[in-house]
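Written below as structure tokens is the structure these notes are about.
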Amino acid sequence: MDASEERDEERARICIVGGGFGGLFTALSLAGAGDVTLISNDDHYLHTPLLYEYLSGEVEAWHIAPTYKELLDERVRFVQGAATGVDFDRRGVSVAGRVRRFSYDYLVLAVGGITNFWNVEGAEQHSMPFRKIRHADDLRRRMIDALDRIQPDAAPQDARRAATFVVVGGGASGVELSTKMSDLLRDAFKRRGLRGEPHVAVVEMSGQLVPGMDAGVREAVERVVAEKRVEVFTDARVVRVLPRGIVFEHAGEQTTLEAAGVVWTAGVRVSPLVEALDLEKTRRGLLVVAPTLQVQDRPEVFALGDIADYQDVPPSLFGTAQLAFQQSSLVAANIQALIDGSVPSRGHFEELGEAVSLGTDDAAVLTAGKVVGGQIARQARYALYTTRLPTWHHRLRVGAAWFFGGKSPRPLGL
Ligand SMILES: Cc1cc2nc3c(=O)[nH]c(=O)nc-3n(C[C@H](O)[C@H](O)[C@H](O)COP(=O)(O)OP(=O)(O)OC[C@H]3O[C@@H](n4cnc5c(N)ncnc54)[C@H](O)[C@@H]3O)c2cc1C
């Protein structure tokens, strides 16, 4: 008998697929409410807003990517594996490498998104995604390799060419990443006594950086991006990604930019699991959900976060951790309501503010309608994200480590 079948007949079987912002926080809220199983493909959660700080060495993996083993107690069973399908009629989830399905009375789908390369030629083969710890490790290694190849007496223009990196996408992710990379590379140039300066460029399809964000935040972003010597190409469409560079089109002209690395932050699409599910979806492939987060015609199935089309929220909230986090409370409350024989309720989700990290010494935070910048904003952003880390125990450990140990960047090469 599969572990998933060993059950107390009285207890509801709750199966949660995906252990990110939506799934993990639902599991934590429902711990003990029934036979709770969390299925996720990695062995750790990831606090994505701080992945840029992991790249720069300001935070460590254990701070932002604690294992589920550390976060969950015996009230939630964790299964590491990729869910490959759901039989909604028989109420079972299939997991790669496991013969038996995981049976459920209530199912939560929270598998999030993956990088969308939009079928741009060469993009998937040659550019680097930035969504996981291993992606940050790969990018850091690529930057160090590029620096190591520069001769100490290289001419400034040669050093710049060898240390050119392109970030595709000028949304919050592209801005946070490019400013961190620029700070790290410029610091490395100084430490290694190299002449000239590195080159980090952002290529953005729309007419401005951070489209959709508050105008004050955008102003702060544009100022700091310029200070940090990041080159910005707006109204620019990537045509092709090459093994060492990109070709993009701007004002009807094609430009080729040689680069030691191209990082792709320009899009997200739903996880392939969702594409395979026989459930109603929007044209963008998102699951259609009721205001209670139940999927159409399947009241025992809930979906949330990046894969769910929740109608009643400002468009800027879609695809954010803040939305998935808030929705997890509603899903947990509604499953508890169904267990108790009462009626699920609808949700109300709010913007909790905007916070963009800008390099290793700056940030822009929108709070109570005002934009705050500089070191204070950087500290405020840390405080904000510490309070959102999962579990009190983990928050305290990380908060103490930051308070006593500081959060300085780790130079490239160390
Ligand atoms: C680098 C980065 C920085 C970000 N910064 C911010 C920010 O500052 N503020 C903000 O609000 N939002 C931010 N976001 C967006 C935010 O991370 C997402 O909106 C949020 O994580 C969505 O939550 P989710 O639960 O839907 O999906 P996720 O958090 O992505 O979780 C999905 C989980 O499901 C797992 N999974 C996927 N497929 C399967 C499968 N088949 N079987 C089992 N498990 C599976 C994944 O491994 C993952 O653990 C950022 C995203 C990235 C990538």
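One-based numbering along the sequence shown. First listed ligand is number 1; within each ligand, the first listed atom is number 1. Scope of the values below: all heavy atoms of this structure, side chains included, with no hydrogens, waters or symmetry mates.
The shortest heavy-atom distance from A172 to ligand 1 is not under 4.0 Å.
When heavy-atom distances to ligand 1 are checked against a 4.0 Å cut-off, A324 comes that close only through its side chain, counted from C-beta outward. Contacts with ligand 1 closer than 4.0 Å are made by heavy atoms of both the backbone and the side chain of A83. At a heavy-atom cutoff of 4.0 Å, ligand 1 is contacted by the side chain of K132 but not by its backbone. If you look at Y385 next to ligand 1, the close heavy atoms, those under 4.0 Å, all belong to the side chain.
D309 and Q311 form a side-chain donor-acceptor contact under 3.5 Å, judged by distance and modelled atom types alone.
Close N/O approach between T48 and ligand 1 is found [any backbone or side-chain N/O within under 3.5 Å]. Looking at ligand 1, you won't find any N or O of R381 less than 3.5 Å from one of its N or O atoms.
Only one option out of E176, E58, E53 pairs with R378 in a salt bridge (Lys or Arg N to Asp or Glu O under 4.0 Å); it is E58. A side-chain hydrogen bond (donor to acceptor under 3.5 Å, both in side chains) with H199 is found for exactly one of E258, R229, E231, namely E231. Screening V230, D183, V175 against L358 for a side-chain contact (heavy atoms from CB on, under 4.5 Å) leaves a single residue, V175.
One option in F21, Y52, F25 has a heavy atom closer to atom 2 (C) of ligand 1 than any other, and that option is Y52. One option in G81, A110, S173 has a heavy atom closer to atom 32 (C) of ligand 1 than any other, and that option is A110. Nearest to atom 24 (P) of ligand 1 by heavy atom, out of A355, G22, G171, is G22.
Set against the non-hydrogen atoms of S271, the atoms of ligand 1 under 4.0 Å away are 38 (N). Atoms of ligand 1 lying under 4.0 Å from any heavy atom of Q322, numbered from 1 in the order shown and given with element: 11 (O). Shown in contact with G319 at under 4.0 Å from a heavy atom are these atoms of ligand 1, numbered in order with element: 15 (C), 19 (O). The G305 neighbourhood of ligand 1 comprises atoms 26 (O), with distances under 4.0 Å to a heavy atom of that residue. For ligand 1, the atoms closer than 4.0 angstrom to any heavy atom of S40 are 35 (C), 43 (C), 44 (N), 49 (O).
Note: H47 and F21 meet the aromatic proximity criterion, with ring centroids under 6.0 Å apart. Annotation: Y382 is in aromatic contact with W402 [ring centroid separation under 6.0 Å]. Residues F302 and Y106 keep their aromatic ring centres 6.0 Å or farther apart.
Of the possible donor and acceptor atoms, none in the side chain of K180 sits under 3.5 Å from a partner among the backbone N and O of Y52.
Nearest heavy-atom pair, R131 versus D306, reported as atom, atom and distance to 0.1 Å: NH2-OD2, 4.4 Å.
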